[in-house]
Amino acid sequence: MSFVAIDGASFAYQGGGDVVDRVDWTIGEGEFHCLVGRSGCGKTTLLKIAAGLLPPTQGSVHIQGLEVRAPKSQIGFVFQTPTLLDWLTVMDNVLLPVSLKRAVRPGDRDKMSELLSLMGLDGLTARHPFELSGGQQSRVAIARALITEPLVLLMDEPFAALDAITREELQDDLLHLCDMRKTTVLFVTHDIAEAIYLGDRVAVMEQGRIRHDQIVDLARPRDHDVRFSAAFNAQCLEVRKAMNNPVTEKSTP
Amino acid sequence: MNIRIYSWGLLVVLIGGWEAFTRLSGLSSLVIPTPSAVVEVLWGGLTIGYLWPHIWITTIEMLLGLSLGCGIGFLCGVLLEENGFLRRLLWPYIIASQVVPKLALGPLFIVWFGFGMTSTVVITALICFFPLLENTLTGLHHIDPQKRELFRMLGATRLQALLRLKIPSGLPVIMAGVRVAVVLALVGAVVGEFIGGRSGLGASIIAAQGMMDSSLMFALFIIITLLGMIFYQATIVLERWLLSNHLKGSDP
Ligand SMILES: Nc1ncnc2c1ncn2[C@@H]1O[C@H](COP(=O)(O)OP(=O)(O)OP(=O)(O)O)[C@@H](O)[C@H]1O
Ligand SMILES: [Mg+2]
């Protein structure tokens with residue numbers, strides 16, 4: 001039974017052609033799917049459709065069998081840019097999803113501290129966003145999406161602003177956390193190796209369509225050695241080739 | 001060297017030049033009084049105390065007009081921003097009313113509210129209303145679309161989006177409107193008193209004009225300038241305090 005189901009979803013911005021074109025995709029409960037594709041191919045748009053932020057012009061999105069027409073509280077979204085509120089401290093930014101729903105309890109603060117230290121941001125809780133580096137800001141945004149423990153996590157290139165080492169650490173933390181909470185994830189990235197390392201399944205998107213669908217059958221939990229294995233590289237190569245393919249070759253459904 | 005020393009030095013030079021000019025040129029003191037005469041009048045007025053009631057009245061008129069005008073302007077701005085229908089309906093009228101010189105309505109207000117404080121307060125409020133209305137509309141309107149999406153994603157109500165996103169993020173623009181309003185409020189109060197005041201600094205200027213007392217006029221002019229500077233500085237302090245949490249490019 002699919003947890004997230006996207007059925008024939010299309011979207012066109014005002015006065016433009018279809019940016020997302022009849023996309024079908026399903027994610028099982030607790031699965032981690034990655035979406036890769038060239039810049040401008042419609043990944044962010046697809047993610048926003050899945051979140052209920054953009055209404056599909058055709059088709060539909062269902063989560064747990066219920067149609068998504070507007071953003072729902074069980075969905076966590078990490079935007080491509082950190083989108084922090086400048087006038088709030090890091091602490092208040094992370095607690096924002098909670099404080100919009102109800103009064104903040106001490107338990108929420110504990111969870112916030114835990115998440116911030118997981119993100120390597122200890123001691124920065126009282127700072128304001130403009131006192132943080134770009135990578136620190138994006139980690140605050142990730143912590144904000146995780147604080148409500150959403151069932152579905154939609155992430156738009158959350159690690160793009162990070163160095164390789166920090167990124168690898170956070171990839172492991174994210175996998176661990178999602179495994180623990182049984183979170184269903186759709187993760188957009190530009191980095192093929194990241195997609196293979198994180199994903200159970202990888203979709204390659206091109207000009208608004210899913211061109212390639214690849215199951216990553218590497219054992220879990222994955223550790224860093226797997227990155228150097230032949231199987232891992234073969235998987236990366238397959239995605240890489242799919243991205244290189246001219247549109248005509250794979251377009252017949 | 002500190003530039004401030006030069007600033008003060010320039011003031012001394014200017015006043016000295018003025019004193020020398022009026023003494024040597026032989027112009028009548030009715031036309032241009034010596035600085036020493038002005039200071040004497042000013043000092044006398046403040047120590048004997050006959051200037052204080054006027055200062056007090058103008059200050060109160062200004063404060064009342066400012067808070068009424070800013071308050072109503074802000075609330076109307078919020079209302080129009082939240083209600084697109086109202087905004088489109090009233091927009092042509094708002095534009096039209098902005099170009100009306102508000103001071104020209106002074107005589108009408110005297111007919112409505114009589115001579116005295118009320119008409120001055122109303123004029124001042126009307127003058128302060130527009131910068132606040134316009135800046136509130138601008139400030140609340142230009143919100144980062146991504147932040148709007150964030151609030152939608154988090155399931156915020158309209159009221160929450162207004163109070164916790166739009167107003168805080170528009171605050172710098174709104175406060176710039178307040179700063180403009182403060183300057184205009186003093187103009188409004190003084191000129192309002194020219195037209196319809198019985199007492200206050202503006203009315204005193206008219207009275208001094210009647211007596212051809214140019215020293216008193218200069219003394220009043222200095223008081224008005226000081227009053228304006230105090231209010232302006234107070235606004236800047238308020239603004240710094242309110243915006244201390246905002247990203248600021250210029251201030252360290
Ligand atoms: N608000 C908008 N109005 C009109 N066109 C848009 C808008 N947002 C995006 N587009 C267009 O839609 C297409 C897909 O955009 P989208 O943001 O989904 O790409 P993306 O795959 O996320 O790219 P990137 O990897 O660079 O983030 C692009 O061609 C873009 O120019
Ligand atoms: Mg994108």
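Excluded from the calculations below are hydrogen atoms, water molecules and symmetry mates; all remaining heavy atoms, backbone and side chain alike, are included. So that the names make sense, note that chain A is the first sequence line, chain B the second, and so on, each numbered from 1.
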Per-residue contact mode, Lys72(A) against chain B (heavy atom under 4.5 angstrom):
backbone

If you count every heavy atom of other residues, nucleotides or ligands that lies below 6.0 Å from Tyr13(A) atom OH, does the total exceed 12?
yes

Identify the heavy atoms of Met153(B) and Pro71(A) that sit nearest to each other, and give their distance.
CA-CB, 3.7 Å

So which part of Thr157(B) gets closer than 4.5 Å to some heavy atom of chain A, the side chain, the backbone, both or neither?
neither

Considering only heavy atoms, which portion of Ile75(A) lies under 4.5 Å from any heavy atom of chain B: side chain, backbone, both, or neither?
both

Grab the two heavy atoms, one from Gln146(B) and one from Thr81(A), that are nearest each other, plus how far apart they are.
NE2-OG1, 2.6 Å

Counting heavy atoms not belonging to His190(A), are there more than 12 under 6.0 Å from its NE2?
yes

Applying a strict 4.5 Å limit to non-hydrogen atoms, the region of Thr89(A) in contact with chain B is neither

Just so I know, are the side chains of Lys147(B) and Asp86(A) near enough to count as touching, which here means a heavy-atom distance under 4.5 Å?
yes

Can you list the residues that meet the side chain to side chain contact (heavy atoms under 4.5 Å, CB included) rule with Glu67(A), with sequence neighbours excluded?
Ser60(A), His62(A), Arg69(A)

Tell me whether Phe194(B) at atom CZ has more than 12 heavy atoms from other residues, nucleotides or ligands lying less than 6.0 Å away.
yes

Check each atom of Leu171(B) against the heavy atoms of chain A and say whether the ones under 4.5 Å are side chain, backbone, both or neither.
neither

Take Arg164(B) and Leu85(A), measure what side-chain contact (heavy atoms from CB on, under 4.5 Å) needs, and give me the verdict at the end.
CA-CA 10 Å; Arg164(B) 302 188 52 181; Leu85(A) 304 184; over 6 Å; no

Intermediate values then yes/no, side-chain contact (heavy atoms from CB on, under 4.5 Å), Arg144(A) and Leu150(B):
CA-CA 11 Å; Arg144(A) 179 180 62 194; Leu150(B) 170 72; 3.4 Å; yes

How about residues 63-73 of chain B versus chain A: which residues have heavy atoms under 4.5 Å apart?
none

Counting only heavy atoms not in Arg4(B), do more than 12 fall under 6.0 Å of its CZ?
no

Structural part of Thr148(A) lying under 4.5 Å from a heavy atom of chain B:
neither

Any chance you could lay out the side-chain contact (heavy atoms from CB on, under 4.5 Å) test for Phe151(B) and Thr83(A), step after step, and finish with the verdict?
CA-CA 10 Å; Phe151(B) 269 66; Thr83(A) 324; over 6 Å; no

State the NZ-CD distance between Lys101(A) and Gln160(B), to the nearest 0.5 angstrom.
7.0 Å

